[in-house]
Structure formats: structure tokens, C-alpha cells
A.B. asks: 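Pasting a structure below so you can have a look.
These numbers come from a predicted model, not from an experiment.
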Number of protein chains: 2
Amino acid sequence: MELAQIFKSQGTLEHKELVFLGRVRSNRQGKVVSFMILNDGTTINDLQVVYKTTTNGFEEGLKARVSSIVEVTGTIVLTPGKQQPFEMQATKIELLDQAIEDYPLQKKEHSSEFLREIAHLRARTKTFNAIFRIRSTAAFALHKFFQEKDFIYVQTPIITSNDAEGAGEQFVVTVNEDKDYANDFFAKKAALTVSGQLNAEAFAQAFKNTYTFGPTFRAENSHTNRHASEFWMLEPEVAFNDLAKNIILIEDMLKSTVSYVMEKNIEELKFLESNLEAGLIDKISKIVNSEFKTMKYEEVLKVLQKAIDNGHQFEDNNIYFGLDLGTEHERYICEVVNKCPTFVIDYPKEIKAFYMKQNSDGKTVAAVDLLVPGIGELIGGSQREDNTDKIKERCIEIGINPNDLEWYISLRDYGYYKSAGFGLGFERLLMYITGASNIRDVIPFPRTPKNLLF
Amino acid sequence: MELAQIFKSQGTLEHKELVFLGRVRSNRQGKVVSFMILNDGTTINDLQVVYKTTTNGFEEGLKARVSSIVEVTGTIVLTPGKQQPFEMQATKIELLDQAIEDYPLQKKEHSSEFLREIAHLRARTKTFNAIFRIRSTAAFALHKFFQEKDFIYVQTPIITSNDAEGAGEQFVVTVNEDKDYANDFFAKKAALTVSGQLNAEAFAQAFKNTYTFGPTFRAENSHTNRHASEFWMLEPEVAFNDLAKNIILIEDMLKSTVSYVMEKNIEELKFLESNLEAGLIDKISKIVNSEFKTMKYEEVLKVLQKAIDNGHQFEDNNIYFGLDLGTEHERYICEVVNKCPTFVIDYPKEIKAFYMKQNSDGKTVAAVDLLVPGIGELIGGSQREDNTDKIKERCIEIGINPNDLEWYISLRDYGYYKSAGFGLGFERLLMYITGASNIRDVIPFPRTPKNLLF
């Protein structure tokens, strides 16, 4: 029986004989009885096995090193008042596979840095086990949210010739590596996608409600704890939606996802709260329970300026229209001013992407960023520009040749009435939910500059 | 109100006034009344709008070209006995965005080849709308199946330095394109993954039940209707599982997925049955309702040889131990011999991957292929080799340096007792379920040699 199942049915299992197959987390000989802590990976909780000289296979059991695989036959005994709710009293132990002596994960504290070097093993620690369990749940929660609303999941392409952001920091995909693209695999320059949004927008014109969720890439030589070269993005897109409807969708999605994780992984969250971030559960509960507020960018500037005038010091006190808000400004707005997640809308067009709809004021776009306490920006989105001439103009202004995106821009010629969507950096959300402070610790096998292991 | 919702609630909507926003599929003026066929993308079924000279906005309505966006106010009238179950009698029509005259998708038959050239628009046709709806449902059905069994979804890396198959047909990922890998982004040669299995195996040792589901890549210069350069693979992996349990998992997963699609997308399947493949629903029902059989590879050879002796002609009549079964052989086994999906197990080790467990006969491995009527092999899997020496030997035999996979092979040193898994080519399954005969038609934006559009 799997350990998760034993925990679920513990009440009905008392004095029942079970067979359990698991990995040794620790094993110590006592004077009267010996103790083996086992886990099979199906829960972060462990099974304590008690065995004695009279246990069939006692000698073999004693020999079992950390990480070895054993099969234990025994009975479940409830142990109310003790640290664990029950234990297994072994009648038989079989050592199925002995681990080598220098297994790197002995029972002691390891640094995150060391554990990243053994990413093929670190998910066996309770911290990473909890984090990657939550990652799995959160990914499914997002799918579930959109599927229950009948959104169509479109797997947008990874290899692309578009540069959605005009950022230029793309990996090249090639078979020849000689920059002779006409003779390369795709007969043109190919790169790894930075976003599935443009393709998702085409699908939104066919299905109304769509989302893409997949890996995206940046060849950015950043060594911060918030940048990785490969990460997952969720990008919903809804035809006929305006910015207001987009905002409602973001709030619904976030509340639904966090609440699903809290329901499924409360034990993991409790463990992470004790080990990674104090107050974690309270912090994420506020996402579920707060009313989110909305402020215009220009209103935000006024509030920041007023704070400075009243003596508040930011690292950057130079507040002006056109400023790309820093994390300190974002956090001040949602933590100090509103004390809740806050949508900021109508940013200056110069600091936002070319595809965002220009507002009638001639200087702002229908963009939205969601700021959350603790980190600042979590999600960014917009209503899309519907005017062909305006979008071409913006392309040229930022150095994209509109002909390279002709297929995308032309969507506006074939009957187009509003479209809005947003992007959620999945790892950003996971860092927020798990309390992990480094993006490398929420990605199973992270890729960063000069780092390509496993 | 969305069209899908109108179809669901049609019984309660009679004579109610509604506002509907959608795209024009066709528009024709009649002598007494005019007809507009609209769709908003939320269902493959269309809405027929009837309007007259007395309708507010009649002239504007008449002008609306194919693909334009209109907003219609009107009442729902049930039309039992007619082709559509209800229609909308318009009181007001507003033309929100007029499409240009030469919209490529006019109301006529288009070839699949032509539609591939306009992949940004083809999802608006009923055939592709149905296919990509099913793609979305099937992807979710797979997630749902594994999540309900508490499998952990691990997003394995796309950029890799492993070559899981030893096949060598990988795309290179680079920023410098000068083959000076030491000075490239990752300070070593990087490629796009051909499989997430090796990484998933590491996670299975931590969680027992895991799966990965994501894009994989082959730089293969193939121009068949079954090869694409970018496609999605589902790869479950379960620690402690042997081949027999692996087989049970495959059967459960496939039945559950097909049956979920039949429940959610029966209208789409009916449409595809009429337009792409006669007998489609009956064919896929058999996946759900058949008992699958299991045969050993050597037994299969005997049956094939006997068929030949009795006069059956294969294109390849040379049956010998070591033969990589052709599709004709596979289909003969499941269509003629067993008349049901058939697992073939214990293949010669020479024709299978290096990580498959060698059987005690010294010549076969614990591999399994699932053959299904109509196409042959749909899924391939195996129990994994647990013996470090044997797996290293096989690496060397096929030209992989075991040191390059040291992290993977070393999993066997740290307590390892069986592991088994399989790979499902997601597009292969979709071609089977939808009746599409070309892989390019089940991928939203397909990538093939010399073809990188959108």
C-alpha cells in the first residue's frame, strides 16, 4: 500500500497487517527496539517502522543504509500523543536494494546551492518534495480553472521566427551553426520563443476563450535569483474582452489557483511555512480573501510623490510620467497604500509592448499589471491594439519590421473587435506560493547562464 | 451570451431577448427575410439570425462581409424539424468591425495544403475548430487522469545536454553559432530535448508516481505525414513498477482519455466522422470497450510466419528474430489476429533503447509496444535497467559515453528497485482520435523541414 493511502486510511488500518515498499530516510539501532524512517514518495510524511531482534530479517534491516529500498511487512499501531500519529511494527524486513555508502543526501542540513548541484536527487528532501508537489498542483489548478470555463488550450510553438517582445534576447535554433540560414533546417533563422501570445491571439479569434501554457526562453545573461533561461508562461487570451474583463479574469484565476493549492497541499505549505517563510499561509490566504483594487498609473505617481513629500524615502525618488515603476514603488502601493493586491492600469505607451491598445489620451495604453504584497508585479496584460495603422506605427518605433509580423497584424483586417489577455510567469507564482527565494529552486532542472546540468 | 451557453440553455430561452456578439460565417439577402450565420468560437455549432427590412440596422447588416464582427439583439425562436434547433429573430444589428473583401476563408471547400498556409486562420473552419477543441480536451484528460491518481507533473527541461535516444538528430541551441561551445551561453553544447524520460526517472525516485508532458524535438529531414520537427510527448514514470504494472497503467490511461474526449466532444467527433473518417466513433469506442491482449514478440513472429505459410503476403515477408516490426505486421496482429489493441512485449534488445531492462534470456528486454487497429504502434515503454554495469555496457554498444549520463546512471547506486514508464506521442493519439491523416493538421502551428511560419 502507498504511504499516502496509509495516512488517509490510518483510522481503519489499526492492527491490520500491511506490506510497505519504500526508501530509507534514516535507520538507527536502539537498545530494545530499532527504528527505520521510510518514505515511498507519495507524501511528505514519513512512516516510522519499529523492529526488533525477533523481526524476520532483523540483521538485514540493520544493514540498510540511507536511501536503500526495503520492503517491510508489519501492523499499523496508532500512537496518539506521539510525534507521528501511527507507526508500523515490523514482522519482516527485506532489503531490496542497498544504497552505496556515500549517498550525497545524508540526514543533515544542506545548502540550496549544494542541492542545486544534485538536482536529480534534491526532490527527495522534504523542502523540494513540497515545492515540486505544489508546482504540480498549481499547474493542474490553472488547467482546471480554464477548462472548467471552456477555454481552449492551444500549445503554441516553441521554435519560432517571431520576436514577440522585440527584445532580441533569443536563443538560435540551428543544425548547421554557420549563420547561413537559407541552408539551415527551416530555411530561415529560427529561435526559441519568448512568448506564445501572438499565436494565442490568432486562436482567440477562432475560439474566443483560449490559453497557452508552456516553456519560454530568454538568452539573457542575468545572474539574479529571479531570472532563468527557461521558464513556463501561462498566457490566456480572450476575443471580445476589454481591459475590465481581463482584470476580472486575472483575479478569478489567481484566487481559484491559490485556493486549490491550499486545499490540496496544506501539509506541504505548513512545512514550507516552518522552513522557508514565516507567515506563508497567511500571506497567500490574503490572495484568496482580499478584494483587489484598481488604480491608474498616473494616480500611482501622485500617491508616490505625496509619500516622498511626506518624508518617505525610496531608493529612486525621481517620480515622473514615463517612469517604469520599481519593485519598491510597486510594493509600497500594494503593501502600504492599499494593503491588498492592486491592479495598476493605463501605463505610458513608451514603457509597454507594441501590441497594447493605445488609449484615446494619446499617451497611455490599456495595460494592466497586478501588484501583490511581498514581490510587486506578478502578472502583466493588456487589451490589444485593434487599429492596423497604429500597431504598425508602434512596431516601427521600436524597431520591428511590420512585414515580419504581417500574419499577426493582419488578424485586424479579418473582422476584429477587441481582444485582451495576460501573461503569468509560472515560476514567479510558485516562488510566491512556496516562499522559495530563488527561481532555481522552483524549477525541477533549472537552466541559467553557464549552467546546463542533468 | 456565449453561443455554447445559448445551445445549452435553448429550452429556457424561447422568446427571450438576447444580445449576441459573433463573427459572420455567411450572409445572404432573401426576398422577404435575410439570413446571417454567426459563430463566436465557443462551439462548432452556428447561430442562424433572421433579419428583415424592419430590423434596426438592416442596411448595416446587409453590408456585413464574411468574417466581420456583428452584435445582434433578438429573440430565440425554437424551430423543431428544421436543420438548426432554433434561430434568432433580430430586432437590431450592429456591424462592429467590417472584414476586408479578400478574406481568405470564403464559404467554399479549401484543401488541407492551402489551409496549412493560413494556420493563423484555419482554426475558424469547422474541421480545424473540431480538431483543436479535441486537442485541448485530450491534453486536459491526460492531466486529469494522472492528477486524480496523485501523480506528480514534472516539467522536464527543453534545453539539454543529454541525448536520450542516442539518435543524434537534435537541434543545437546557441547564441554564438560558432561551434565554440566553451564560450557559448551554457559553456557547453546545448540542444533541444528529444525526450523528458531521463529527468522524469529521477523524479520518479523521489515521488514514485510522476509524468512529464511537454514539447520534444527532432531535427530529422523527414517529409512524411507522420513526422514533425516539434511535437508533444507524454511520459509517465513510476518507481517500483514492473512491466506488468506499466501495461495496466497504459490501458487505464488510454481508456480514460478517449472516454473523456467522447463525453466532452461528441459533436466534434460526429462532425469529423462525417468529414474526415467514416466509422471514427466506432473505431475509438473500441479502445474504450475492448479487452487489450498481450503477446510476446517471439509469439508474434510465429503468428506472422504462419500467416505467410498460409499464403498471406506482407510487403516484407522476411520474418526473423531481430526484425523491427513494420506497420503492416503490427496492424495484422491487432486487426486480423486479435481484433483488439495488443501489447507486444519482450523485444530483442538490439532494436530497443539502452535503458530498457535486459531479461534473463540474455537476448530480449522488458519493452512494450501498444499496437492499435488502424495505425499500429501508438505507445512504447519499458521497465528500466536497474543494473549499473549492464546499462553502461549497452551505452557503449550504441555509442553513448556513459560518463555523459553519469547522473542518470548513478540513480541506480542510491537505492533503486524497479522503475517503468512509457511515451505517448500526443499528436499520434490525436490523429487516431480525430481521423486527421497528416500530423501537420493536429498541431496548431506545425514545424517541419523548411517550414517555419507564424
Side-chain angles (χ1 to χ4, degrees), chain A residues 4 21 23 40-42 67-69 96-97 99-100 103 120 123-124 129 132-133 136 139-140 143 147 150 152-155 157-159 161 171-175 177 179 185-188 190 199 202-203 206-208 215 219 230 232 240 407 413-417 444-445 447 449-450 452 454, chain B residues 4 21 23 40-42 67-69 96-97 99-100 103 120 123-124 129 132-133 136 139-140 143 147 150 152-155 157-159 161 171-175 177 179 185-188 190 199 202-203 206-208 215 219 230 232 240 407 413-417 444-445 447 449-450 452 454:
Chain A
L21 181 62
R23 187 180 301 279
D40 67 357
T42 61
S67 195
S68 300
I69 308 293
L96 295 177
D97 193 54
I100 60 172
Y103 175 61
H120 61 315
R124 301 176 185 190
N129 204 281
F132 293 127
R133 255 176 221 294
S136 171
F140 184 65
H143 279 298
Q147 294 275 338
D150 291 324
I152 300 300
Y153 174 29
V154 48
Q155 285 116 341
I158 306 304
I159 302 175
S161 56
F171 289 103
V172 173
V173 174
T174 171
V175 293
E177 302 172 68
K179 302 190 188 183
F185 191 88
F186 293 109
K188 61 160 76 166
N199 300 87
F203 262 53
F207 294 101
K208 186 173 185 293
E230 177 178 327
W232 280 58
F240 313 149
W407 69 270
D413 296 332
Y414 307 136
Y416 186 101
Y417 179 73
F445 299 92
R447 274 74 178 99
K450 295 196 171 38
L452 181 62
F454 317 105
Chain B
L21 182 61
R23 187 181 301 280
D40 68 356
T42 61
S67 195
S68 299
I69 308 293
L96 296 177
D97 194 53
I100 60 171
Y103 176 60
H120 60 315
R124 302 178 185 188
N129 203 280
F132 293 126
R133 257 176 218 293
S136 172
F140 183 66
H143 279 298
Q147 294 276 338
D150 290 324
I152 300 300
Y153 174 28
V154 46
Q155 284 117 340
I158 306 304
I159 302 175
S161 56
F171 288 102
V172 174
V173 174
T174 172
V175 293
E177 303 172 68
K179 301 190 188 183
F185 190 89
F186 293 109
K188 61 161 73 166
N199 300 86
F203 261 53
F207 295 101
K208 188 173 184 290
E230 176 177 328
W232 280 59
F240 312 150
W407 70 270
D413 296 332
Y414 307 136
Y416 187 100
Y417 179 73
F445 299 91
R447 274 72 177 99
K450 296 194 172 36
L452 181 62
F454 313 106

A.B. asks: Considering residues at least two apart in sequence or located in another chain, which fulfil the side-chain hydrogen bond (donor to acceptor under 3.5 Å, both in side chains) criterion with A:Y417?
C.D. replies: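 A:Y417: no side-chain hydrogen bond (donor to acceptor under 3.5 Å, both in side chains) contacts found.
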A.B. asks: Side chains of B:F207 and A:T42, heavy atoms from C-beta outward: is any pair under 4.5 Å?
C.D. replies: no
A.B. asks: Quick one: ring-ring contact (aromatic ring centres under 6.0 Å, His included) partners of A:Y153, sequence neighbours excluded?
C.D. replies: A:H143, A:Y211
A.B. asks: Between A:I69 and B:Y416, is any pair of side-chain heavy atoms under 4.5 Å apart?
C.D. replies: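 When only atoms from C-beta onward are counted, B:Y416 and A:I69 do not touch, as no gap falls below 4.5 Å.
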A.B. asks: Closest approach of A:P157 and B:E230, non-hydrogen atoms and distance?
C.D. replies: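 Smallest interatomic distance, heavy atoms only, reads CA-OE2, 3.3 Å.
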A.B. asks: Give the minimum heavy-atom separation between B:A202 and A:H120, together with the two atoms involved.
C.D. replies: CB-O, 3.7 Å
A.B. asks: Near B:K450 NZ, under 6.0 Å, is it more than 12 heavy atoms from other residues, nucleotides or ligands?
C.D. replies: no
A.B. asks: Looking at B:F454 and A:N199, what are the two nearest heavy atoms and their distance?
C.D. replies: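 That closest heavy-atom pairing would be O-ND2, 3.1 Å.
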A.B. asks: Using every non-hydrogen atom in the two residues, find where B:L452 and A:S161 come nearest and quote the distance to one decimal.
C.D. replies: O-OG, 3.5 Å
A.B. asks: Tell me, side chain or backbone of A:A190 under 4.5 Å from chain B's heavy atoms, or both, or neither?
C.D. replies: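 Its backbone and side chain both get close to chain B.
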A.B. asks: If you tally heavy-atom pairs under 4.5 Å against chain A, which of B:P449, B:P444, B:G415 wins?
C.D. replies: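 The candidate making the most pairs under 4.5 Å is B:G415.
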A.B. asks: Just so I understand: if I count every heavy-atom pair under 4.5 Å between each of B:S136, B:A4, B:A99, B:A206 and chain A, which residue has the most?
C.D. replies: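 It is B:S136.
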A.B. asks: Please examine the side chains of B:T174 and A:F171, heavy atoms only from C-beta on, and report whether any two atoms are closer than 4.5 Å.
C.D. replies: no
A.B. asks: Between B:L21, B:V154, B:I159, which shows the greatest number of heavy-atom pairs under 4.5 Å with chain A?
C.D. replies: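 Most heavy-atom pairs within the cutoff with chain A belong to B:I159.
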A.B. asks: Which one, A:R133, A:K188, A:R124, A:R447, leads in non-hydrogen pairs under 4.5 Å with chain B?
C.D. replies: A:R447
A.B. asks: Show the nearest heavy-atom pair for residues B:P215 and A:P215, with the distance to one decimal.
C.D. replies: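 Heavy atoms of B:P215 and A:P215 come nearest at CG-CG, 3.8 Å.
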A.B. asks: Specify which of B:Y103, B:F132, B:F445 makes the most heavy-atom pairs with chain A at under 4.5 Å.
C.D. replies: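 The candidate making the most pairs under 4.5 Å is B:F445.
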A.B. asks: For a quick test of reading the model, state the closest non-hydrogen atom pair linking A:Q155 to B:A139 and the distance between them.
C.D. replies: NE2-CB, 3.8 Å
A.B. asks: Output yes when a side-chain donor or acceptor of B:R23 lies under 3.5 Å from a complementary backbone atom of A:Y414, and no otherwise.
C.D. replies: yes
A.B. asks: Tell me, side chain or backbone of A:D150 under 4.5 Å from chain B's heavy atoms, or both, or neither?
C.D. replies: side chain
